[in-house]
Amino acid sequence: MDIFLQQLINGLTAGSVYAVVALGYTMVYGIIQLINFAHGEVVMIGAMVAFSVIMALAGAQPGLPPVVIVLAGVAAAVPVCMAVGYLLERLAYRPLRHAPRLAPLITAIGMSIVLQHLALLIWSRDPIAFPQIIPLQVFEIGGAAITGVQIAIMLVSVVMMAGLSAMIYRTRLGAAMRATAENPHVASLMGVDIDRVIAVTFLIGAALAAVAGVMVGTYYGIAHYTMGATLGLKAFSAAVLGGIGNMAGAMLGGLLLGVVEALGAGYVGELTDLCHASFLSDALVERCARDGHLILFGSNYQDVFAFLVLILVLVFRPSGLLGERVADRA
Amino acid sequence: MNVNLLEAKNLKVSYGGINAVKGIDLEVKEGELVALIGANGAGKTTTLKALCGLLHPSGGQIHYRGESILHTPPHRLVGQGLALVPEGRGIFGRLTVEENLAMGAYSRDDAAAIRTDLERVYHLFPRLAERRRQSGGTLSGGEQQMLAIGRAVMSRPKLLLLDEPSMGLAPLMVQKIFETVLAVAKEGVTLLLVEQNAKLALEISHRGYVMESGLVTLADEAKALLNNPQVRKAYLGE
């Protein structure tokens with residue numbers, strides 16, 4: 001099996017999900033310069049709601065085709081997440097729109113904790129396992145394996161990103177969103193209702209998050225009330241990598257981060273195998289002769305790579321890959 | 001010709017803890033071109049911002065077409081025909097020229113008429129037609145001012161508030177912008193023009209107001225103001 005190609009496929013799959021979630025961060029940042037740290041929890045709520053519906057349907061109607069069951073889960077998760085996103089903006093962020101920037105930022109962290117614990121109350125601390133309804137389909141390309149679920153995740157992500165881009169760049173509402181992002185006062189002089197545009201931005205971000213939640217849950221086969229925290233931070237890192245506020249940057253950043261993470265996880269064991277340096281001591285030679293490997297960092301260090309990327313970007317290129325100017329305000 | 005399109009009574013505006021406008025009376029009749037002149041910091045821009053709803057007055061009344069607009073948000077006023085070309089032009093630099101113009105027509109939903117108006121604006125400013133696909137940020141200062149005026153015209157305003165259209169432009173471009181302002185006025189748009197260039201502004205206006213530290217100190221026919229020794233000394237550089 002080709003490790004490089006295999007990890008590339010895995011990375012692109014996870015990266016598509018990061019990209020979709022990163023869009024939610026970057027759109028909100030672009031329009032009100034707020035890092036909505038509760039966005040990861042919206043993804044989690046999407047996964048939890050969808051899994052509840054999927055579990056119930058799979059139990060009650062075992063004959064239904066799996067696609068229908070998953071779509072029913074998505075259909076339930078999207079409106080719930082949109083409601084959560086709307087309420088976040090309306091109740092938590094809008095009253096603070098003219099407050100110093102730290103206030104909404106801290107509020108966002110607070111809302112993240114609130115949502116996480118609401119989920120804990122509703123779904124308990126036990127993870128929900130994805131029922132075995134989707135038959136494992138594996139296709140081979142160039143010595144690597146790609147599953148049906150991976151193909152579906154990439155396709156759905158691409159379609160959503162294309163749809164969103166078309167909306168932003170081809171419609172009147174999209175133009176209003178871009179105008180508001182650039183200069184809300186002047187946009188209001190054009191007749192744009194700023195409050196409405198901001199609310200719509202949150203609704204779109206939340207809908208994307210809901211679908212991302214279902215995708216990531218289906219991919220890893222599990223949903224848990226804490227899953228939004230790490231995923232949210234990674235997607236945020238992806239948005240920063242691409243240049244926060246920049247839509248194309250969020251997509252590029254998401255895919256890149258997924259690939260870096262997967263390749264890192266795939267090769268870190270091999271690269272930190274102390275047996276490559278067994279000349280250092282006799283004890284090593286002995287040990288390597290017995291076990292063959294002495295791995296310092298295993299693939300469980302996967303998460304490190306995402307945050308390593310975040311740190312490197314913040315140090316060397318704070319404006320991100322496609323960002324236009326250095327963010328001096330965040 | 002004698003109906004008051006806009007009427008401000010005892011208008012007061014505080015801005016960042018400063019009383020920038022301290023109770024002014026101002027009226028603009030239908031079909032008029034009115035100039036509001038004064039030194040930097042006299043409160044002209046603040047007055048315009050209050051008139052179009054961007055700033056909330058701390059006192060006084062504003063009536064537009066006979067109705068109070070004190071509590072009307074700016075995005076509603078555009079639909080009622082009150083538009084502002086802001087100081088510094090406010091071009092959306094990342095939107096194309098054509099998208100900027102389309103934003104001007106945001107409050108309208110008559111697609112066919114919008115297309116006609118777009119062609120009219122391109123006719124008025126051929127330079128914009130050449131650059132319709134370029135992003136607004138790549139235009140020169142003069143072109144951006146044309147775009148700002150064209151964009152405001154796209155909303156089919158009854159009353160257009162213009163804030164310093166000549167600011168930062170070369171003399172030749174200033175001339176061209178003023179010709180355009182006159183052309184817009186000829187089409188039946190009522191205009192309230194804030195300008196540093198008092199001479200040019202008064203030459204094309206019917207009436208004028210002079211503002212000084214938040215108060216209107218003179219209000220008269222534009223010709224009379226041009227001949228007023230006080231005005232000549234303070235604003236016309238004589």
Side-chain angles (χ1 to χ4, degrees), chain A residues 26-27 29-33 90 94-95 97-100 164-201 242-251 319-320 322-327, chain B residues 16 45 48-49 51-56 72-109 111 114 133 135-137 144 147-157 160-163:
Chain A
T26 227
M27 280 168 65
Y29 184 87
I31 226 152
I32 54 172
Q33 287 77 48
R90 192 72 189 79
R94 193 180 296 184
R97 200 170 298 156
H98 302 289
L164 183 67
S165 301
M167 203 281 281
I168 298 284
Y169 288 99
R170 298 265 177 276
T171 69
R172 210 172 86 99
L173 176 66
M177 289 172 76
R178 285 183 290 139
T180 305
E182 211 172 308
N183 191 336
H185 284 307
V186 178
S188 76
L189 288 175
M190 303 293 116
V192 177
D193 183 346
I194 304 302
D195 284 341
R196 199 173 141 261
V197 166
I198 293 172
V200 167
T201 306
I244 189 114
N246 184 309
M247 303 244 316
M251 302 185 210
S319 56
L322 304 184
E324 282 155 27
R325 61 202 162 111
V326 174
Chain B
T45 293
L48 285 196
K49 279 187 173 169
L51 291 177
C52 73
L54 275 183
L55 286 176
H56 198 72
T72 316
H75 66 87
R76 293 260 172 71
L77 288 173
V78 199
Q80 296 173 22
L82 200 168
L84 167 74
V85 176
E87 188 180 12
R89 296 143 204 153
I91 294 305
F92 300 115
R94 271 174 257 154
L95 271 60
T96 65
V97 167
E98 190 144 315
E99 282 175 331
N100 267 282
L101 291 171
M103 281 309 294
Y106 188 80
S107 58
R108 298 168 56 186
D109 49 15
I114 291 175
R133 306 257 169 262
S135 64
Q144 289 196 358
L147 180 55
I149 295 175
R151 188 176 64 179
V153 168
M154 288 299 292
S155 72
R156 285 224 175 152
L160 184 57
L161 314 179
L162 277 167
D163 198 351

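A, B, ... follow the sequence lines: proteins, then strands. Residue 1 opens every chain. Only this structure's heavy atoms are used, side chains among them; waters, hydrogens and symmetry mates stay out.
- Atom CG of residue A:Leu189 and atom OH of residue B:Tyr106 lie 14.0 Å apart, to the nearest 0.5 angstrom.
- The distance from the CG atom of B:Leu84 to the NE2 atom of A:His185 is 12.0 Å, given to the nearest 0.5 Å.
- Within the model, atoms CG of A:Asp195 and NE2 of B:His75 stand 7.0 Å from one another, a figure rounded to the nearest 0.5 Å.
- Of the listed residues (B:Ala83, B:Cys52, B:Gly104, B:Gly93), the greatest number of heavy-atom pairs within a distance under 4.5 Å of chain A belongs to B:Gly93.
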Checking side-chain contact (heavy atoms from CB on, under 4.5 Å) for the pair A:Met190/B:Met154: CA distance, chi angles, key distance, verdict?
CA-CA 10 Å; A:Met190 303 293 116; B:Met154 288 299 292; over 6 Å; no

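- Using a 4.5 Å heavy-atom cutoff, the side chains of A:Arg178 and B:Leu95 are in contact.
- More than 12 heavy atoms of other residues, nucleotides or ligands lie within 6.0 Å of CZ in A:Arg172, so this atom counts as buried by the packing criterion.
- Using a 4.5 Å heavy-atom threshold, the side chains of B:Met103 and A:Val186 count as separate.
- Looking only at distances, no side-chain donor or acceptor of B:Glu99 sits under 3.5 Å from a matching main-chain atom of A:Ala175.
- Summarising the local packing, CZ of A:Arg97 is surrounded by more than 12 heavy atoms from other residues, nucleotides or ligands at distances under 6.0 Å.
- Both the backbone and the side chain of A:Ala176 come within contact range of chain B, judged by heavy atoms closer than 4.5 Å.
- No part of B:Leu77 comes within reach of chain A, as not one of its non-hydrogen atoms sits under 4.5 angstrom from that chain.
- Only the backbone of B:Arg108 has a heavy atom closer than 4.5 Å to any heavy atom of chain A.
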